[in-house]
There are 2 protein chains.
Amino acid sequence: MNFSSKLLENAVAEFAKLPGVGPKTALRLVLHLLGQDKEEVQSFSDAMVKLRNEILFCSTCHNISDQPVCDICSSPKRDHGIICIVEDTRDVMAVENTDQFNGVYHVLGGLISPMDGVGPADLEIDSLIERVSRGDIKEVFFALSATMEGDTTIFYLNKRLKNFKLNISTIARGIAFGGELEYVDEITLGRSIATRVPYENSLSG
Amino acid sequence: MNFSSKLLENAVAEFAKLPGVGPKTALRLVLHLLGQDKEEVQSFSDAMVKLRNEILFCSTCHNISDQPVCDICSSPKRDHGIICIVEDTRDVMAVENTDQFNGVYHVLGGLISPMDGVGPADLEIDSLIERVSRGDIKEVFFALSATMEGDTTIFYLNKRLKNFKLNISTIARGIAFGGELEYVDEITLGRSIATRVPYENSLSG
């Protein structure tokens with residue numbers, strides 16, 4: 001692109017570093033910012049710098065937090081005997097949005113992926129073992145993506161956790177609510193037949 | 001969304017103000033920034049603030065520029081007798097990328113759009129008339145979008161410019177190179193038949 005301004009070119013280059021943002025989208029976003037008041041652009045920029053510089057991670061569950069211990073880990077209303085293991089903060093938000101879980105979380109910070117060079121030592125696994133070994137935990141359940149990386153992580157953690165007295169479970173896999181049978185892939189359909197549940201347990205809500 | 005951090009929520013809200021960026025995309029982009037070094041986030045933010053605070057607009061053509069007069073307007077290699085009228089800086093970049101134009105530009109800063117409350121007084125029209133009235137301009141051509149707003153703007157400017165001794169033209173409209181005839185809409189096809197050109201003039205390059 002032929003930029004008429006180095007400042008513009010630089011701003012577009014910074015935006016285009018973001019995932020899924022190409023040069024044309026970056027230019028559109030930068031020109032939008034250029035049309036805003038100076039205060040608004042300043043507050044946009046400040047929000048990013050402040051987030052990056054001041055963010056904390058909960059010392060217990062490793063979720064993003066403003067305090068050393070997050071709201072969920074410090075809440076007396078939550079059941080601290082059940083830990084839901086998730087990949088990142090987005091998954092905490094997804095599970096929280098269901099209103100179906102009142103326990104606490106453990107954020108791994110990724111999934112085991114030899115292809116991407118991510119091994120168990122790169123994830124918050126030792127601190128999970130330590131939490132469990134304190135003995136107050138009755139149940140651990142995995143809410144990880146149904147991918148090769150998710151399954152590998154569950155397999156590894158299950159081995160590390162099976163010597164503790166724990167109920168270990170994973171979120172159910174099967175056809176989604178509203179899903180039409182003819183469009184479901186055969187692995188999902190096959191597994192959901194093999195793991196079929198009593199009718200009474202299958203009702204939503 | 002249930003955010004575990006006010007800082008995170010604030011950064012996502014700022015990103016979600018950008019056009020075409022919803023809350024989920026905003027969260028993904030913010031979490032990406034959170035994974036970068038502090039220096040990189042600082043340089044991202046600085047680029048935006050610096051652009052907004054230090055950007056200039058060329059006093060002749062009103063294009064975005066780092067200097068009071070832009071590189072194109074101050075270049076002795078350009079033909080200052082031909083003005084290409086465009087909506088914004090993106091269109092300058094698009095025309096420059098073709099390598100087919102060696103004149104100078106005039107950036108209107110928008111198009112006449114009564115629906116959006118944009119009238120002639122909101123655009124850089126008086127300065128265009130002033131440039132033309134100095135008498136050195138031989139040709140003015142419109143490179144505006146083929147929309148209702150583009151056509152309205154051309155109609156208005158043509159009326160204001162027709163008393164000057166000028167060649168006034170617009171970029172050609174017709175089917176795009178590589179376009180398949182059966183998929184061309186009937187207005188474009190009809191007009192491209194009505195304005196058909198001698199074969200020798202139609203070859204690309």
Side-chain angles (χ1 to χ4, degrees), chain A residues 1-8 10-15 17-21 24-25 27-38 40-56 58 61 63-67 70-72 88-90 92-97 105, chain B residues 1-8 10-15 17-21 24-25 27-38 40-56 58 61 63-67 70-72 88-90 92-97 105:
Chain A
M1 284 201 268
N2 290 308
F3 287 96
S4 58
S5 151
K6 280 274 164 209
L7 291 170
L8 180 65
N10 191 28
V12 170
E14 287 287 347
F15 246 108
K17 286 182 194 168
L18 297 174
V21 178
K24 286 209 172 186
T25 305
L27 179 60
R28 193 162 56 86
L29 297 178
V30 169
L31 289 178
H32 172 84
L33 281 178
L34 199 52
Q36 304 300 304
D37 290 339
K38 287 185 182 183
E40 288 192 44
V41 176
Q42 190 70 54
S43 104
F44 172 84
S45 293
D46 288 349
M48 304 309 145
V49 172
K50 211 169 145 64
L51 172 72
R52 182 62 189 81
N53 291 347
E54 298 181 16
I55 200 75
L56 297 173
C58 172
C61 73
N63 193 16
I64 289 173
S65 171
D66 293 340
Q67 294 102 31
C70 76
D71 290 343
I72 292 174
D88 62 22
T89 191
R90 270 179 292 188
V92 174
M93 287 163 70
V95 174
E96 283 295 289
N97 280 337
Y105 293 89
Chain B
M1 284 199 270
N2 289 311
F3 287 94
S4 59
S5 150
K6 281 274 164 213
L7 291 170
L8 180 65
N10 191 28
V12 169
E14 287 286 346
F15 245 107
K17 286 182 193 167
L18 296 174
V21 179
K24 286 209 173 187
T25 305
L27 178 61
R28 193 162 55 88
L29 297 177
V30 168
L31 289 178
H32 172 84
L33 280 178
L34 199 52
Q36 304 301 303
D37 289 340
K38 287 185 182 183
E40 288 192 43
V41 176
Q42 189 71 53
S43 106
F44 173 85
S45 292
D46 288 349
M48 304 309 144
V49 172
K50 210 167 145 66
L51 173 73
R52 182 62 189 82
N53 291 348
E54 299 181 16
I55 200 74
L56 296 173
C58 171
C61 74
N63 193 15
I64 289 172
S65 172
D66 293 340
Q67 295 101 32
C70 75
D71 289 343
I72 293 175
D88 63 22
T89 191
R90 270 179 293 188
V92 173
M93 289 164 70
V95 174
E96 283 295 288
N97 280 337
Y105 293 88

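Every chain is numbered from 1, with letters handed out A, B, ... down the list of sequences. For the numbers below, each heavy atom of this structure counts, side chains included, while hydrogens, waters and symmetry mates do not.
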ask   = What residue, out of Thr25(A), Leu27(A), Asp88(A), Val49(A), has the most heavy-atom pairs lying under 4.5 Å from chain B?
value = Val49(A)
query = If you count heavy-atom pairs under 4.5 Å between each of Leu18(B), Leu7(B), Leu29(B) and chain A, which one has the most?
reply = Leu7(B)
request  = Take the angle between the ring planes of Phe44(B) and Phe44(A) and call it parallel below 30°, perpendicular above 60°, tilted in between.
outcome  = tilted
task = Among Glu54(A), Lys50(A), Glu96(A), Lys38(A), single out the residue with the greatest number of heavy-atom pairs under 4.5 Å to chain B.
result = Lys38(A)
query = Highest number of heavy-atom pairs under 4.5 Å with chain A: which of Leu31(B), Asp71(B), Val92(B)?
reply = Leu31(B)
ask   = Between Ser43(B) and chain A, which part of the residue has a heavy atom less than 4.5 Å away: side chain, backbone, both or neither?
value = both
query = So which part of Gln36(A) gets closer than 4.5 Å to some heavy atom of chain B, the side chain, the backbone, both or neither?
reply = backbone
remark   = When the 4.5 angstrom heavy-atom criterion is applied to Val21(A) and chain B, the contacting part is side chain
message = Please classify the contact between Ile64(A) and chain B as side chain, backbone, both or neither, with a heavy-atom cut-off of under 4.5 Å.
response = both
key: Nearest heavy atoms of Met48(B) and Ser45(A), plus distance in Å   = CB-OG, 3.7 Å
Heavy-atom contact with chain A under 4.5 Å, split by part of Leu56(B) = neither
note = Closest heavy-atom pair, Arg28(B) versus Pro19(A), reported as atoms and distance to 0.1 Å, is NH1-O, 3.7 Å
query = Using non-hydrogen atoms only, which part of Ile72(A) is less than 4.5 Å away from chain B: side chain, backbone, both, or neither?
reply = neither
query = Would you say Lys17(B) has more than 12 foreign heavy atoms packed within less than 6.0 Å of its NZ?
reply = yes
task = Could you grab the distance from atom CE of Met93(B) to atom CG of Leu8(A), nearest 0.5 Å is fine?
result = 6.5 Å
Between CG on residue Asp46(B) and CD on residue Glu14(A), distance to nearest 0.5 Å = 9.0 Å
task = Go through the atoms of Leu34(B) and report whether side chain, backbone, both or neither lie under 4.5 Å from a heavy atom of chain A.
result = both
message = Could you report the tightest heavy-atom contact between Arg52(B) and Leu33(A), atom names first, then the distance?
response = CD-O, 3.9 Å
ask   = When you look at NZ of Lys6(A), are more than 12 heavy atoms from neighbouring residues, nucleotides or ligands closer to it than 6.0 Å?
value = no
query = Which answer fits Asp37(B), side chain, backbone, both or neither, if we ask what part of it has an atom under 4.5 Å from a heavy atom of chain A?
reply = backbone
ask   = Tell me, side chain or backbone of Ser4(B) under 4.5 Å from chain A's heavy atoms, or both, or neither?
value = both
task = Would you check if the side chain of Asn10(B) reaches a backbone N or O of Ala47(A) as a donor-acceptor pair within less than 3.5 Å?
result = no
